[in-house]
Amino acid sequence: MPFSKQYRIAPSLLSADFARLGEEVVNVVEAGADWIHLDVMDNHYVPNLTMGPMVCAALRPHTQAPIDVHLMVEPVDSLIPQFAKAGANIISFHPEASRHVDRTLALIRDHGCKAGLVFNPATPLSWMDYVMDKLDLVLLMSVNPGFGGQAFIPATLQKLAQARKKIDTWMANGGHKIALEIDGGVKVDNIASIAEAGADTFVAGSAIFGQPDYKKVIDAMRAKLEYNVYT
Ligand code: DX5
Ligand code: ZN
């Protein structure tokens, strides 16, 4: 089995109850979440405002699960040391929001975190070409960033396959492992085709937090993924 078939589910707290975030984290990890996805929005890079490093630090003691920080902010660099200090494990950012993408990636790793680049639906994958050595994660947006609960953009499937190919070629040539994450509109009904296209890590917000039984949704997602592996 190729190692790309090691799947992770990363619930996005964007659709969680903000008045009970610590409890939500504990519950969703108990329900089988692998990572906690934290959507950081600044009302500048995206037209919405969410949470900062203080919230990340407050959540950190509530779980051992990796905290996957998705920065939708501009500028990027000043927040990196703050999120690293707040206990983030993975930090990803949008290349359009940084003046010096290579430098920002290095900054994330220098602070002991895994580094990721995020691609909006219309952002070309070529942004990753000269920084593969500094990437631990590639995150493809399957919606426009800013809000939960939007519909999956179908053209992302083709883009995922192209990203998968780039990453597989990199790894086949002796490169380190790079995760391929998808974010936006992921549901039980489409997760198998998204995995088929090449994703190994799945962000899901409204699909999980919009239901009363988180475990039921995560189990149903895993069942679809297993089906994908063995067929
Ligand atoms: C959008 C965020 C996503 C979003 C996913 O800007 O990056 O993480 O919350 O939410 P759903 O799964 O509801 O599309
Ligand atoms: Zn996100």
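Order of appearance sets the numbers: ligands from 1, and atoms from 1 within every ligand.
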Could you pull out every N or O of ligand 1 that sits under 3.5 Å from a protein N or O, with the distance for each pair?
| from | atom 1 | to | atom 2 | distance (Å) |
| --- | --- | --- | --- | --- |
| ligand 1 | 6 (O) | Gly146 | N | 2.8 |
| ligand 1 | 7 (O) | Asp39 | OD1 | 2.9 |
| ligand 1 | 7 (O) | His70 | ND1 | 3.2 |
| ligand 1 | 7 (O) | Asp183 | OD2 | 2.9 |
| ligand 1 | 8 (O) | Asp39 | OD1 | 3.2 |
| ligand 1 | 8 (O) | Asp39 | OD2 | 2.7 |
| ligand 1 | 8 (O) | Asp183 | OD1 | 2.6 |
| ligand 1 | 8 (O) | Asp183 | OD2 | 3.1 |
| ligand 1 | 9 (O) | Ser12 | OG | 3.3 |
| ligand 1 | 9 (O) | Asp39 | OD2 | 3.3 |
| ligand 1 | 12 (O) | Gly205 | N | 2.8 |
| ligand 1 | 13 (O) | Gly149 | N | 2.8 |
| ligand 1 | 13 (O) | Ser206 | N | 3.0 |
| ligand 1 | 13 (O) | Ser206 | OG | 2.5 |
| ligand 1 | 14 (O) | Gly185 | N | 2.8 |

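- Using modelled atom types, one finds no donor on one side chain facing an acceptor on the other under 3.5 Å when comparing Ser142 with Lys159.
- Of all protein N, O or S atoms, those under 2.8 Å from the Zn ion (ligand 2) number 4.
- When side chains are defined from C-beta on, Asp133 counts as touching Trp170, because their heavy atoms get closer than 4.5 Å.
- Using modelled atom types and a 3.5 Å distance limit, the side chains of Asp39 and His37 yield a donor-acceptor pair.
- Taking a cutoff of 4.0 Å between a charged side-chain nitrogen and a carboxylate oxygen, Asp189 and Lys224 do not qualify as a salt bridge.
- For residues 134-146, the salt bridge (charged side-chain N to carboxylate O under 4.0 Å, His left out) pairs, not counting sequence neighbours, are Asp102-Lys134, Arg109-Asp136.
- Panel note: side chain Trp127, backbone Pro95; no donor-acceptor pair is recorded below 3.5 Å.
- Using a 4.0 Å cut-off between a side-chain N of Lys or Arg and a carboxylate O of Asp or Glu, Arg164 and Asp200 qualify as a salt bridge.
- Taking the side-chain hydrogen bond (donor to acceptor under 3.5 Å, both in side chains) definition, one finds that Arg222 meets it with Asp34, sequence neighbours left out.
- A side-chain donor from one of Tyr214 and Glu24 sits under 3.5 Å from a side-chain acceptor of the other.
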